[in-house]
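It should be emphasised that the depicted structure is a prediction, and the values quoted were computed from it without experimental measurement. Quick note on labels: first sequence line is chain A, next is B, and so on, each numbered from 1.
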Number of protein chains: 2
Amino acid sequence: MPTTRRERMRDATLLEIKEVAREHLRVQGPSGISLRGIARDLGMTAPALYRYYASLDDLLAAMIETYTNEMCDAMEVARDALPADDLDGRLVAVTRAFRDWSLEHRPEFAMVFGAPVPGFTEPEEAGVQQAGGRLGAIFFALFIELWRRQPFPVPPDEEIPPALRRQLRLFATACCGEDDDAPLGVIRLFAGSWVRLYGLVAIEVFGHMDFMIDDMNPLFEAELNDLAKTIGLKKDLP
Amino acid sequence: MPTTRRERMRDATLLEIKEVAREHLRVQGPSGISLRGIARDLGMTAPALYRYYASLDDLLAAMIETYTNEMCDAMEVARDALPADDLDGRLVAVTRAFRDWSLEHRPEFAMVFGAPVPGFTEPEEAGVQQAGGRLGAIFFALFIELWRRQPFPVPPDEEIPPALRRQLRLFATACCGEDDDAPLGVIRLFAGSWVRLYGLVAIEVFGHMDFMIDDMNPLFEAELNDLAKTIGLKKDLP
DNA sequence: CGTTTACCGTTAACGGCGTTTACTCAAGCA
DNA sequence: TGCTTGAGTAAACGCCGTTAACGGTAAACG
């Protein structure tokens, strides 16, 4: 372990900056994250932070990456709490974990899944993309394994327009690496499910239905049930 | 028409401010909207703008309201381009218009449908909520009228959990005013469809799939086809 | 060991921001 | 005509990100 004392100190500061930034995010919102404010809380001056992050954008990008991975961790914990052969249960658990984490970390969710600000937090960072792929892979691996063990009906290849086929292949390789030997229909259904889940959670987290609905729980559970039904999960969700 | 000369001048300035703000939004992104910058472009000083908008937030809220209504206008134009009895066609046209407008107005879409910034552009403005209701109503009116004329299968009331029933009623009244005498199943299906559409367009506009997929058109059309099928539209979409 | 080097932090400064206050000045109205 | 109203100004306050020049200290090296 070649970590010198200096490196340990540096890593600690690197982390502490991110933690203070997160607190500011949660208390004052995304626009409340400022290098000067963070430096104040840390008993430093703002220019000192440039030793650790090249710019505010860089810090924000690091935060996005951290949050994405944290969300993935939470989903994996929920997944691994169930036996490996209970794919049904695992898929439902991961989906619920996705929503739960998002609701408990609304500002973080907004940074990860909200609108990217041009010239600001561009998601072109390698780390951010990699974390995004990890998230997709968690869902995808379960989804595809479930289909292999107990196949549910998927649209036949002929029903999928050629233009869509190519996109689905791209999607699968980005999610899962190279072993994308699953039929296109499975990927098609997966993409549709992901879009639905994202829409549901984003609407809830962003509060776009707050003035119409006062409790999103029933709708989420109903949609989850629908989703489960289309992939052959028979038993009622607990 | 009690518009004095002063009032006309005032309204013109009010509008001009919003227009310059929009240009800044499109060129430099949301964080590029600044009172000082707008004032510069207008040949004024920043404090003068406070005669027109109480704060930057107020201006942003006005922009959101404007964009929502503009999107609704575009949808209504697309709707009215088809004969009133072609409900199938109108629903598809409105849906495509929603997506098209969003893709052509990405920064505007982000302001309307992205994450609200706390203490900043809260969507608690009456005008913003009203515009949101208008958008929902456009979809809802077509959806429900279509079901009345050529009913498609919807989940029976007994299958809808009681907790969800109440939320769906709230949702319908917010979308459509008081004449929500449609069966819960129709509203249930409508809510699900809206969530799907939102997720699809938001993912595309925000570019959350850009690193996986290079053309969202096929997926959108496929999902639209699916949606159309569930509400009984038989003919292939042109 | 002493010396050099690399790194961490500072102060000072530039230009930008939202917002408030006190003020001027012209248009509108009685 | 004289008064009122409202649009616009300059100055100032306290934020912000970022850069440049500079000090000190701990690690690295001969």
Side-chain angles (χ1 to χ4, degrees), chain A residues 1-18 20-25 27-64 111 116-122, chain B residues 1-21 23-25 27-64 111 116-122:
Chain A
M1 196 182 288
T3 82
T4 85
R5 170 184 164 76
R6 254 152 114 107
E7 274 170 354
R8 270 178 291 132
M9 285 298 185
R10 188 182 169 77
D11 288 354
T13 310
L14 231 30
L15 215 111
E16 202 178 357
I17 292 171
K18 259 198 308 197
V20 173
R22 183 185 203 141
E23 202 185 314
H24 288 197
L25 168 67
V27 174
Q28 317 171 32
S31 59
I33 307 172
S34 78
L35 293 180
R36 292 188 120 108
I38 294 168
R40 244 192 316 273
D41 275 21
L42 259 61
M44 301 199 303
T45 57
L49 298 182
Y50 284 82
R51 303 275 172 204
Y52 299 92
Y53 293 97
S55 66
L56 177 61
D57 290 11
D58 257 47
L59 171 58
L60 295 176
M63 291 168 75
I64 291 180
M111 285 186 71
V117 180
F120 213 62
T121 328
E122 295 284 0
Chain B
M1 195 181 293
T3 81
T4 84
R5 172 186 161 75
R6 253 153 115 107
E7 274 171 355
R8 268 179 292 131
M9 285 299 186
R10 188 180 168 77
D11 287 354
T13 310
L14 229 31
L15 215 113
E16 202 178 357
I17 292 172
K18 260 197 309 198
E19 280 168 359
V20 172
E23 200 185 316
H24 288 198
L25 168 68
V27 174
Q28 317 171 32
S31 59
I33 307 172
S34 77
L35 292 180
R36 291 187 121 110
I38 294 169
R40 244 191 317 273
D41 275 21
L42 258 59
M44 300 199 303
T45 58
L49 298 183
Y50 283 81
R51 301 275 171 201
Y52 299 92
Y53 294 96
S55 68
L56 177 62
D57 290 11
D58 257 48
L59 170 58
L60 296 176
M63 291 167 75
I64 291 180
M111 285 186 70
V117 180
F120 213 64
T121 328
E122 296 284 0

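- The interatomic distance linking A:R40 (CZ) with C:dG9 (P) rounds to 17 Å, in whole Å.
- How far CD of A:E23 is from CD1 of A:I38: 10.5 Å, rounded to the nearest 0.5 Å.
- The two residues B:M111 and B:L25 come nearest to each other via the heavy atoms SD-CD2, 3.7 Å.
- Nucleotide C:dC8 holds its P atom 10 Å from the CD atom of A:E7, rounded to whole Å.
- Atom CG in B:L35 sits 11.0 Å away from atom OG1 in B:T45 (nearest 0.5 Å).
- Between A:R10 and B:L56, the residue anchored nearer the 5' end of DNA chain C, judged by the nucleotide with its closest heavy atom, is A:R10.
- Here A:T13 lies out of heavy-atom contact (under 4.0 Å) with every strand.
- Separation of atoms CD1 (A:I33) and CG (A:L59) is listed at 7.0 Å; rounding is to 0.5 Å.
- Using a 4.5 Å cut-off on side-chain heavy atoms (C-beta onward), B:R6 and B:M9 make no contact.
- Legend: residues meeting side chain to side chain contact (heavy atoms under 4.5 Å, CB included) with A:S31, ordered by chain and number and at least two apart, are B:V117.
- B:R51 contributes no side-chain N or O that, together with a main-chain N or O of B:R10, makes up a donor-acceptor pair within less than 3.5 Å.
- Protein chain A touches strand DNA chain D; the 5'-most and 3'-most nucleotides with an atom under 4.0 angstrom of its non-hydrogen atoms are D:dC16 to D:dA27.
- If you check residues 44-51 of chain A against DNA chain D, the residues with a heavy atom closer than 4.0 Å are A:A46, A:P47, A:Y50, listed by number.
- Rounding to the nearest 0.5 Å places CZ of A:R40 at 8.5 Å from CZ of A:R36.
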Pull out every protein N or O sitting under 3.5 Å from an N or O of nucleotides 27-30 of chain C, one pair per line with the distance.
unit_1	atom_1	unit_2	atom_2	d
C:dG28	OP1	B:R5	NE	3.2

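- Considering OG of A:S34 and CG of A:L56, their distance stands at 8.0 Å, rounded to 0.5 Å.
- Annotation: of the two residues near DNA chain D, A:I33 and B:Y52, the 5′-most nearest-nucleotide partner is B:Y52.
- Applying the side chain to side chain contact (heavy atoms under 4.5 Å, CB included) criterion to A:T13, with sequence neighbours excluded, gives A:I17, A:Y52.
- Between A:R36 atom CZ and C:dG15 atom P the separation is 15 Å, expressed in whole Å.
- Pairing for C:dG16 is with D:dC15, a Watson-Crick or G-U wobble pair whose two hydrogen-bonding atom distances lie under 3.5 Å.
- Applying the side-chain hydrogen bond (donor to acceptor under 3.5 Å, both in side chains) criterion to A:D41, with sequence neighbours excluded, gives A:H24.
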